Novice: 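One structure follows; several queries about it will come next.
Treat the numbers as computed from the prediction; the structure is a model and nothing was measured.
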Amino acid sequence: LFEFSGACAGCGETPYIKLATQLFGDRMVVANATGCSSIYGGTLPTTPWTTTAAGLGPTWTNSLFEDNAEFGMGMRIAIDTQERQARRLLGSLAGTVGNTLAASILANRQETEPRIDEQRAAVAALRETLADLAERGGDVGGQARCLLELSGSLIRQSVWLIGGDGWAYDIGYGGLDQVLSSGRDVNILVLDTEVYSNTGGQVSKATPRAAVAKFAAGGKRTGKKDLGATARAYGDVYVAQIALGANDMQATKALAEADAWPGPSLVIAYSTCIAHGIDMATSMTHQKDAVKSGYWPLYRFHPSEVAEGQPFRLDYRKPSIPVRDFVASEARFAILERTNAEQARELTARLQADFDERWRYYEQLAAIRRTSVGQRPGALPAEN
């Protein structure tokens, strides 16, 4: 459902979008922030977004850096409003369209793809009945016409906000944070290249320490912002970090879990980029090395209402290669070694310390099991 894009050869972003569309593209509503993904995703007259043989596919539209999160939230609110109206009308017309059919549609929670397929078939049968009723006059005919227009909202729709780190970490972060705190069923996919790729490679808050970028010619001296930690702090947000080249099963599971979670979800995807100064033919194996070195951790934080559970799960092993060996393979780090070797050694040593501390912290989080009964999703355990 996402094919033949005009992205750079070896782009690390496009495989995540393709995977997401293959998982739930037939019911996907996308708000795409301006950036690389909006350029290769929506440069007319061609588009890589397509449909299934049944004619079903993603609904896609693009908004700006600064308001894409709010834009996508508006879609979620609109869909929820339409669904409430459709369910009210279906309840009123239950006796006319058939109590059994109406009850099956209203009771279906659509937790799995087979259940969604059942809902789609039931709604198709409902539409046939409504088309006949719409020919009538009076209240029944009017309600039938209205429900016919809204019937699509009875099928579960998956709202996705998609954009790069420049949007999610920086320019659009205020709106993104508002969405994360809303409690609404909105999914966020951050295609993290750790730099403003589309506008020439400027430094962003996602740029790691020691990396060289525009406006950080001497290597970025501060660490990378932990977007996942700010989202986890709300307690009811599903959060995952993924790298398709390192663990494709974990990436697939994380996207599926994000879609299934009834509240906000945030998936941060490591995306190799030409701005990193690597051979883009090695994008996938490079992602594997990033995880082995601890440069890019893989984890899933899954809030739950069950009495016992392990919300935070590490999906990678303790780093087995030094960070300096990994960063040496990227021009954005290696250039600092050539221009200022002393500063490169200092910042790389601090980068290693950052990742060592992060591993220790994540190990502790992964060891915590929630045991209190009756708490809300993600709430801290009650004190003894």
Novice: Between R184 and V159, is there a side-chain heavy-atom distance shorter than 4.5 Å?
Specialist: no
Novice: For atom NZ of K18, decide whether the heavy atoms of other residues, nucleotides or ligands shown that lie under 6.0 angstrom number more than 12.
Specialist: yes
Novice: Can you see whether Y196 engages D170 through a side-chain donor-acceptor pair at a distance of less than 3.5 angstrom?
Specialist: yes
Novice: Just checking, any donor-acceptor pair under 3.5 angstrom between side chains of T52 and D26?
Specialist: no
Novice: Calculate, to the nearest 0.5 Å, the distance between atoms CG and CG belonging to N187 and L255 respectively.
Specialist: 9.0 Å
Novice: Where does the angle between the aromatic ring planes of H276 and Y270 fall among parallel (under 30°), tilted (30 to 60°) and perpendicular (over 60°)?
Specialist: parallel
Novice: Work out which heavy atom in R156 is nearest to a heavy atom in Q110; give both atom names and the distance.
Specialist: N-OE1, 2.8 Å
Novice: Tell me whether the centres of the aromatic rings in H286 and F326 are closer together than 6.0 Å.
Specialist: yes
Novice: Taking the basic N atoms (NZ, or NE/NH1/NH2) and the acidic carboxylate oxygens, is any pair closer than 4.0 Å for E346 and R350?
Specialist: yes
Novice: Rounded at 0.5 Å granularity, tell me how far CZ in R84 sits from CD1 in I79.
Specialist: 12.0 Å
Novice: Could E257 and R300 be called an ion pair, given the rule that one side-chain N must be under 4.0 Å from one carboxylate O?
Specialist: yes
Novice: Can you list the steps and then say if T348 with Q352 is a side-chain contact (heavy atoms from CB on, under 4.5 Å)?
Specialist: CA-CA 6 Å; T348 302; Q352 181 70 65; 5.9 Å; no
Novice: Just checking, is any N or O donor in the side chain of Y295 or D354 under 3.5 Å from an acceptor N or O on the other one?
Specialist: no
Novice: Please determine whether residues M284 and W296 belong to a single hydrophobic cluster, defined as Ile, Leu, Val, Met, Phe, Trp and Tyr linked transitively by side-chain heavy-atom distances below 4.5 Å.
Specialist: no
Novice: Between Y299 and Y316, does the ring-ring contact (aromatic ring centres under 6.0 Å, His included) criterion hold? Intermediate values first, please.
Specialist: CA-CA 7 Å; Y299 68 80; Y316 75 119; 8.6 Å; no
Novice: Side chain of E111, backbone of A260: donor and acceptor closer than 3.5 Å?
Specialist: no
Novice: If I compare all heavy atoms of V97 with all of A102, which pair ends up nearest, and what's the gap?
Specialist: CG2-CB, 4.3 Å
Novice: List the atom of L298, the atom of A243, and the distance in Å for their closest heavy-atom pair.
Specialist: CD2-N, 3.5 Å
Novice: Report yes or no: does R332 contribute a side-chain atom to a donor-acceptor pair with the main-chain N or O of G277 at less than 3.5 Å?
Specialist: no
Novice: Do M75 and L64 belong to the same hydrophobic cluster, where Ile, Leu, Val, Met, Phe, Trp and Tyr are linked whenever their side-chain heavy atoms lie under 4.5 Å apart, directly or via other members?
Specialist: no
Novice: Less than 4.0 angstrom from a charged side-chain N to a carboxylate O is my criterion; do E337 and R324 meet it?
Specialist: no
Novice: State which residues pass ring-ring contact (aromatic ring centres under 6.0 Å, His included) with Y16; sequence neighbours excluded, sorted by chain then number.
Specialist: none
Novice: Can you give me the closest heavy-atom contact between D165 and A206, atom names plus distance?
Specialist: CB-CB, 3.6 Å
Novice: Once rounded to the nearest 0.5 Å, what's the spacing between atom OG1 of T61 and atom CH2 of W49?
Specialist: 11.5 Å
Novice: Donor-acceptor pair, distance only, cut-off 3.5 Å: does the side chain of T207 make one with the backbone of V203?
Specialist: no
Novice: Would you say Q343 and L347 make side-chain contact, with heavy atoms under 4.5 Å?
Specialist: yes
Novice: Please test N32 against S38 for side chain to side chain donor-acceptor pair (under 3.5 Å), starting from the C-alpha separation and ending with a verdict.
Specialist: CA-CA 6 Å; N32 202 144; S38 74; 5.2 Å; no
Novice: Go through the side-chain N and O atoms of D259 and S265 and say whether any donor and acceptor fall under 3.5 Å apart.
Specialist: no
Novice: Shared ILVMFWY cluster between V327 and V195, side chains joined below 4.5 angstrom?
Specialist: no
Novice: Tell me whether E342 at atom CD has more than 12 heavy atoms from other residues, nucleotides or ligands lying less than 6.0 Å away.
Specialist: no
Novice: In terms of side-chain geometry, is the basic nitrogen of E363 or R358 positioned less than 4.0 Å from the acidic oxygen of its partner?
Specialist: no
Novice: For the backbone of D185 and the side chain of R76, can you confirm whether one donor and one acceptor N or O come within less than 3.5 Å of each other?
Specialist: yes
Novice: Please assess R317 against V291 for the test side-chain contact (heavy atoms from CB on, under 4.5 Å), listing each intermediate value before the final yes or no.
Specialist: CA-CA 9 Å; R317 295 188 176 92; V291 173; over 6 Å; no
Novice: Suppose we screen for ring-ring contact (aromatic ring centres under 6.0 Å, His included). Which residues come up paired with F24, at least two apart in sequence or across chains?
Specialist: W160
Novice: For atom CD1 of I274, decide whether the heavy atoms of other residues, nucleotides or ligands shown that lie under 6.0 angstrom number more than 12.
Specialist: no
Novice: Taking atom CD of E3 as the centre, does the number of heavy atoms from other residues, nucleotides or ligands within less than 6.0 Å exceed 12?
Specialist: yes
Novice: Answer yes or no: is there a side-chain heavy-atom contact under 4.5 Å between E357 and R360?
Specialist: yes
Novice: With rounding to the nearest 0.5 angstrom, report the CG to CD distance, D279 to E330.
Specialist: 12.0 Å
Novice: Is there a donor-acceptor contact under 3.5 Å from the side chain of D67 to the main chain of E70?
Specialist: no
Novice: Quick one: does K225's side chain have a donor or acceptor within less than 3.5 Å of a partner on L227's backbone?
Specialist: no
Novice: Do P319 and W359 have side-chain heavy atoms sitting under 4.5 Å apart?
Specialist: yes
Novice: Inspect the surroundings of CZ in R115 and state if more than 12 heavy atoms from other residues, nucleotides or ligands are less than 6.0 Å away.
Specialist: yes
Novice: Are L106 and I116 linked, directly or through other ILVMFWY residues, by side chains that come within less than 4.5 angstrom of each other?
Specialist: yes
Novice: Main chain of T43, side chain of T47: is a donor-acceptor contact present, judged purely on distance under 3.5 Å?
Specialist: no
Novice: Set out, in order, the CA-CA distance, both residues' side-chain angles and the distance that settles side-chain contact (heavy atoms from CB on, under 4.5 Å) for M73 and I77, then state yes or no.
Specialist: CA-CA 6 Å; M73 172 68 94; I77 292 171; 3.9 Å; yes
Novice: Going by the side chain to side chain contact (heavy atoms under 4.5 Å, CB included) test, name the single residue among V190, L266, V186 that passes it with L161.
Specialist: V186
Novice: Might you point out which heavy atoms bring E194 and D192 nearest each other, and give the distance in Å?
Specialist: N-OD1, 2.9 Å
Novice: Do T272 and T282 come within less than 4.5 Å of each other through their side chains, counting heavy atoms only?
Specialist: no
Novice: Whether the side chain of Q85 engages the backbone of L150 through a donor-acceptor N/O pair (distance < 3.5 Å, no angle test) should be reported.
Specialist: no
Novice: What's the separation between atom CG in D248 and atom OG1 in T252, rounded to the nearest 0.5 Å?
Specialist: 6.0 Å
Novice: Would you name the heavy atoms of L148 and R127 that are closest together and state the gap between them?
Specialist: CD1-O, 3.8 Å
Novice: Does the pair D356 and K318 meet the rule for a salt bridge (Lys or Arg N to Asp or Glu O under 4.0 Å), with working shown?
Specialist: CA-CA 10 Å; D356 289 344; K318 186 175 182 178; over 6 Å; no
Novice: Angle class for the Y40/F2 ring planes (parallel below 30°, perpendicular above 60°, tilted otherwise)?
Specialist: perpendicular
Novice: Quick one: CG on L89 to CD on Q143, what's the gap to the nearest 0.5 Å?
Specialist: 6.0 Å
Novice: Is there a path of hydrophobic side-chain contacts, each under 4.5 Å between heavy atoms of I, L, V, M, F, W or Y residues, that connects I278 with I335?
Specialist: no
Novice: Would you say the side-chain atoms of W167 pair up with the backbone N or O of T34, donor to acceptor, closer than 3.5 Å?
Specialist: no
Novice: Under a 3.5 Å distance rule, please check whether N68 uses its side chain to pair with a backbone N or O of A31 as donor and acceptor.
Specialist: yes
Novice: Report yes if the side chains of I188 and L180 come closer than 4.5 Å at any heavy-atom pair, otherwise no.
Specialist: yes
